[in-house]
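In this chain, residues are counted from 1 in sequence order.
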Amino acid sequence: MKTRIKMIFAVCLGIATMAGTAQNKHSANTLYPSYKGLIMAGYQGWFRAPADGVMYPDETKVRIDMWPDVSEYEKTYPTGLKHADGSVARFFSSTDKSTVDLHFKWMQEYGLDGVFMQRFFSSAKPNARPATILKNAFEAASKYRRAIGVMYDLSGLRARNEDCSVLIDDWKYLVDSLKVTNQAGAQTYIFYNGKPLVTIWGIGFPDRPYDIRNIGIERFIDFLRNDPEYGGCSVMLGVPTFWRELNADCIHDPYLHTVIRSADLVMPWMVQRFSPLLHNDMDRYRDVMIADMEWCRQNGVGYVPCVTPGFSWHNLSRSEFPDDVKPVGSIPRQKGRFYWQQISTAINAGAEMLYVAMFDEVNEGTAIFKVSDHPPVSDIAKFADLDGMPSDHYLWLTGEASKMLKRQKPLDFKTPQREIQP
């Protein structure tokens, strides 16, 4: 009898062990067990050198509004633009490992906690799965001990015959093949509520060609949260600014609230919604956040405010909307004043974590990485400059904000100043 009991116990133990193994797709530990106290930015990583090595060869087709400071890059590529002195303007490629490494080095140097890597819907399809930039980013995040997470961007999803099932398969691919939640070096995948955090951006925007009721979004969220092998994750949703009231930049469908309640965090997209050119617009920004936070408190959802240094959409609007060309720097940076106003207002309103839009987004002039105060000159393509500030100004401000969010220094509404070397 004792032998039989031992055998039964051994079988049960084996089954339990196999079950535990099946659930062990993600590392149990990370250097970043919570989003709280962190400033994270979005990382596009979509600047790719063509086969001939010449980037932006035609100034009439330039769609970016800021120019990167490329003085520290190991590899750069010629463009069709020139600087005021006649020299050829050069650009980096996100596909170069040295580029990604430099970006994460800057994050560590200036105190940005980390980034969410944009994973666009079109990139998640099986025939587009090789993810060189993502692979390089996770290696660099481990090397420089920066937080990193996956952000699925639904841009590219079409209304007909497409839904979130491809994202389920892609998450399995990222977990199994790229080991995103179980890095080879230091474990730095960002967690929330003790679980790996996955972001889904693009829920509730009325200009999208899909109906959120018909794309399997709840099924994808349920998979991320509850699948025995690949689940056990927290979920953050990127939604419009006025998601709570279901108006203005948001669909009017209350189903959006149902979806948000099924997630762990909500991050409203606030780029272009507020401006330093409007009187007391930070009061409006504050009031929106406070009301959002109260809704989230009542519904058991965490809240992540979005901040941005400014906005510029001149070159893209010139090429795509010639009847509605936007001015350069339509939402001006004011030497960092606008950025700091948002950060200090959000923290004062009770924000425990922040999302910066964006790290490397020079297309819309929202980048905080090193950009040039002396961009190329052109009669056609126009670029926003830095108002005489050094190229690393917004990285430095972000580091100062991180100290304030972590309560390593007191809250200050006045934009920090540093001695600028001549």
Checklist entry - Step by step, would you call L395 with K370 a side chain to side chain contact (heavy atoms under 4.5 Å, CB included)? => result CA-CA 7 Å; L395 284 172; K370 296 185 183 184; 3.9 Å; yes
Item to check | Test side chain to side chain contact (heavy atoms under 4.5 Å, CB included) applied to F383 and N315, step by step | outcome: CA-CA 8 Å; F383 303 96; N315 290 323; 3.9 Å; yes
Item to check | Pair F369-T398, side chain to side chain contact (heavy atoms under 4.5 Å, CB included): steps then yes or no | outcome: CA-CA 10 Å; F369 75 162; T398 304; over 6 Å; no
What pair of heavy atoms forms the shortest contact from [X] to [Y], and how long is it?
X    : Y    : value
V259 : I203 : CG1-CG2, 4.5 Å
A349 : M289 : CB-CE, 4.4 Å
R158 : E162 : N-OE1, 2.7 Å
G204 : P240 : O-CG, 3.3 Å
A351 : M293 : N-CE, 3.6 Å
L256 : V239 : CD1-CG1, 4.5 Å

Keeping the roles fixed (side chain from [X], backbone from [Y]), state whether a donor-acceptor pair exists under 3.5 Å.
X    : Y    : value
D65  : H314 : yes
D412 : K414 : yes
S177 : L174 : no
Y285 : N280 : no
S312 : G329 : yes
K25  : Y230 : no
S275 : I331 : no
D385 : H374 : no
T99  : S93  : yes
S234 : L197 : no

Side chains of [X] and [Y]: closer than 4.5 Å at any heavy-atom pair?
X    : Y    : result
Q187 : N29  : no
I221 : L237 : yes
I368 : L112 : yes
V100 : Y43  : yes
F274 : T241 : yes
T181 : V150 : no
M353 : M236 : no

Salt-bridge test for [X] and [Y]: reply yes if a basic N is under 4.0 Å from a carboxylate O, no otherwise.
X    : Y    : answer
R244 : E294 : no
E72  : K105 : no
D101 : K143 : yes
R219 : D163 : yes
K172 : D170 : no
R418 : D392 : yes
R284 : D281 : yes

Roughly how far, to the nearest 0.5 Å, is the [atom2] atom of [Y] from the [atom1] atom of [X]?
X    : Y    : atom1 : atom2 : answer
H83  : S372 : NE2   : OG    : 6.5 Å
L154 : L167 : CG    : CG    : 6.5 Å
K195 : L224 : NZ    : CG    : 11.0 Å
L386 : Y394 : CG    : OH    : 6.0 Å
R63  : L316 : CZ    : CG    : 4.5 Å
I190 : F116 : CD1   : CZ    : 4.0 Å

Centroid-to-centroid, [X] to [Y], below 6.0 Å?
X    : Y    : result
W46  : F120 : yes
F91  : W67  : yes
H26  : Y189 : no
Y144 : F104 : no
F338 : F311 : no

Checklist entry - Given the rule in the side-chain hydrogen bond (donor to acceptor under 3.5 Å, both in side chains) test, do T188 and Q183 qualify, once you have shown the distances and angles that lead to the verdict? => result CA-CA 8 Å; T188 64; Q183 294 146 282; 2.9 Å; yes
Does atom [atom1] of [X] have more than 12 heavy-atom neighbours from other groups under 6.0 Å away?
X    : atom1 : result
K61  : NZ    : no
K382 : NZ    : yes
E74  : CD    : no
R145 : CZ    : no

Angle class for the [X]/[Y] ring planes (parallel below 30°, perpendicular above 60°, tilted otherwise)?
X    : Y    : answer
W396 : H393 : parallel
F321 : W313 : perpendicular
H103 : F92  : perpendicular
W295 : H257 : tilted

Item to check | Lys NZ or Arg CZ of R90 over Y73 ring: under 6.0 Å, within 45° | outcome: no
Checklist entry - When you look at S344 and M282, which way does the side chain to side chain contact (heavy atoms under 4.5 Å, CB included) test go after all the steps? => result CA-CA 10 Å; S344 57; M282 284 301 98; over 6 Å; no
Item to check | Y192 versus D264, side-chain donor and acceptor atoms under 3.5 Å | outcome: no
Checklist entry - Can you tell me if Y339 and T415 form a side-chain donor-acceptor pair at under 3.5 Å? => result no
Item to check | Residue among Y152, F121, W269 satisfying ring pair (Phe, Tyr, Trp, His ring centres under 6.0 Å) with W201 | outcome: W269
Next on the checklist: Run T60 and D58 through side-chain hydrogen bond (donor to acceptor under 3.5 Å, both in side chains) and show every step you take.
Outcome noted: CA-CA 5 Å; T60 66; D58 185 349; 2.7 Å; yes
